[in-house]
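Here is the structure we will look at, set down as structure tokens.
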Amino acid sequence: MPPHTRRAWTRTLGQLALVLVASLLAGLVVGQPWPLLAVAALGVVAWHYWKLRDVLLRLTARQRVEPSGGDGVWNELDRLLYRTQEEMRGRKRRLVEMLRAYSAAAAALPDAVVVIERNNQRVRWFNDAATRLLGLRYPDDVDAGVGERLQPLPVSRWLAAGRHAEPMIDAASPVDPSLRLSLRLIPYSDELWLLVARDVSKMMRLEHMRRDFVANVSHELRTPLTVVHGYLDMLDPDEQPEWAPILQEMRRQSQRMTQLVEDLLTLSRLEAQDGVVDEEVAMDSMLVTLRREAEALSQRRHAISVEDSAGVDLLGSTRELHSAFSNLVGNAVRYTPAGGSIAIAFARSVDGGAELSVRDSGYGIPAAHLPRITERFYRVSTSRSRESGGTGLGLAIVKHILQLHQARLEIDSEVGRGSTFSCRFGPERVHPRDRVAASAPAASIPTSVPGP
Ligand code: ADP
């Protein structure tokens, strides 16, 4: 017990004793000590009862307790209650200030933030940007169902998918279709989810401008390159033998530039595409073509084998898939020294999908380079890539084509032992092969072309 509380307590006890002794003495004087003592004791109890009632009433009515002067227990109780109330008031004030600061910060965010109750998919709270970007209005839309309020955004389907939902999607704003939004669903508790929508229209415009710029430059370079190429072809090295090596180098470089421009145009075209028109891709003839291309590039320097154990076809664009596969086969030939082997295999995968893999026994790729290998112009060895006629765009093209087919590229490589590039397609891309594999016996049976 703190000293001032103890003092108040002793003082009250002293007062009580004083009253009782005084009443006993007065009783003795008048010759009636006990009745007077009883009356005094009752008076003291009544007074304390009255004080207790007063405190209880004030607390029940949530009245502010004012500290009273005096140093009895009731004054001490008032002082203690006043201090507790002041502390609670201060805490509440700080909490309200903090809440105000948080909600002002959330309101000032340029991104739309919506708190959603997961169970009943209702809007619990949203900031000002949600009105501008998503069209939510205060107070009408508090407690409204997100599904119908945010149509045509696929928020309901997204919420239903739970924690396995795609983390981010792009969509047009329901308020202004010219606004592109990047939407993110963040589960921050079991009941509450946060929907964050960011306006990415400007970024998309810049991305479009960049894409258009690259496509336009490539397109503009095509004509002068064709002219240069044409003139170089007209020059006969036999007429000026001393110019022959220079002419040969000029032809090589102009071919490289043409290939670079063609690859840039392909990449721009793929980037501008949202998807592909699905057709049945005849994998037996695809494998025959790939083998022929590998043989032509290899010039009998490698042992080439083709194996088709899948017995199914793919759904997608034959032209694009051929471009992707042939890039991988080209790389395998170019990055495998003479005497090495290249195996092309088409097989079913465990998930019901299918997988085309190109395995080589070539130089391999150091693990540190693998995460960036599909970036444009990223090369492990620039000199080796140039020597072999590479543009540095092949794997970027492969990645884009596979993305358009919701497929993924997996790379397994070991320096000095070789690499395996696998294109994994989901079950939805698999199509039963009901044709008779007539023209392609070589693709359906494992075959090999002997090395040199
Ligand atoms: P490039 O035109 O230079 O071959 P790519 O995008 O096709 O460009 O490949 C990027 C880089 O990845 C290449 O420069 C090469 O270093 C490496 N690479 C690709 N395929 C293979 C492979 N089969 N074996 C070893 N390295 C490879």
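The figures here come from the full heavy-atom set of this structure, side chains too, leaving out hydrogens, waters and symmetry mates. Order of appearance sets the numbers: ligands from 1, and atoms from 1 within every ligand.
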request  = Determine, for Arg269 against Glu320, whether the closest basic-nitrogen to carboxylate-oxygen distance falls under 4.0 angstrom.
outcome  = yes
inquiry  = Looking at Arg210 and Glu271, is any side-chain nitrogen of the basic one under 4.0 Å from a carboxylate oxygen of the acidic one?
reply    = yes
Once you restrict both partners to nitrogen or oxygen, which atoms of ligand 1 have a protein partner under 3.5 Å, and how far apart are they?
unit_1: ligand 1; atom_1: 2 (O); unit_2: Thr391; atom_2: N; d: 2.8
unit_1: ligand 1; atom_1: 2 (O); unit_2: Gly392; atom_2: N; d: 2.8
unit_1: ligand 1; atom_1: 3 (O); unit_2: Tyr335; atom_2: OH; d: 3.3
unit_1: ligand 1; atom_1: 3 (O); unit_2: Ser385; atom_2: OG; d: 2.5
unit_1: ligand 1; atom_1: 3 (O); unit_2: Gly392; atom_2: N; d: 3.4
unit_1: ligand 1; atom_1: 4 (O); unit_2: Asn331; atom_2: OD1; d: 3.4
unit_1: ligand 1; atom_1: 4 (O); unit_2: Arg334; atom_2: NH2; d: 3.0
unit_1: ligand 1; atom_1: 4 (O); unit_2: Tyr335; atom_2: OH; d: 2.7
unit_1: ligand 1; atom_1: 6 (O); unit_2: Gly394; atom_2: N; d: 3.3
unit_1: ligand 1; atom_1: 6 (O); unit_2: Leu395; atom_2: N; d: 2.8
unit_1: ligand 1; atom_1: 7 (O); unit_2: Asn331; atom_2: OD1; d: 3.3
unit_1: ligand 1; atom_1: 7 (O); unit_2: Asn331; atom_2: ND2; d: 2.8
unit_1: ligand 1; atom_1: 7 (O); unit_2: Leu395; atom_2: N; d: 3.4
unit_1: ligand 1; atom_1: 8 (O); unit_2: Gly392; atom_2: N; d: 3.4
unit_1: ligand 1; atom_1: 14 (O); unit_2: Tyr335; atom_2: OH; d: 3.3
unit_1: ligand 1; atom_1: 16 (O); unit_2: Val380; atom_2: N; d: 3.1
unit_1: ligand 1; atom_1: 20 (N); unit_2: Asn331; atom_2: ND2; d: 3.4
unit_1: ligand 1; atom_1: 23 (N); unit_2: Asp360; atom_2: OD2; d: 2.9

Note: Arg64-Glu86 ion pair, threshold 4.0 Å (strictly below) = yes
message = Do the side chains of Glu97 and Arg100 get close enough for a salt bridge, i.e. N-O under 4.0 angstrom?
response = no
message = Between His400 and Ala396 (side chain of the first, backbone of the second, donor and acceptor by atom type, cut-off under 3.5 Å), is there such a pair?
response = yes
request  = Mark yes when over 12 heavy atoms from residues, nucleotides or ligands other than Phe377 sit less than 6.0 Å from its CZ; otherwise mark no.
outcome  = yes
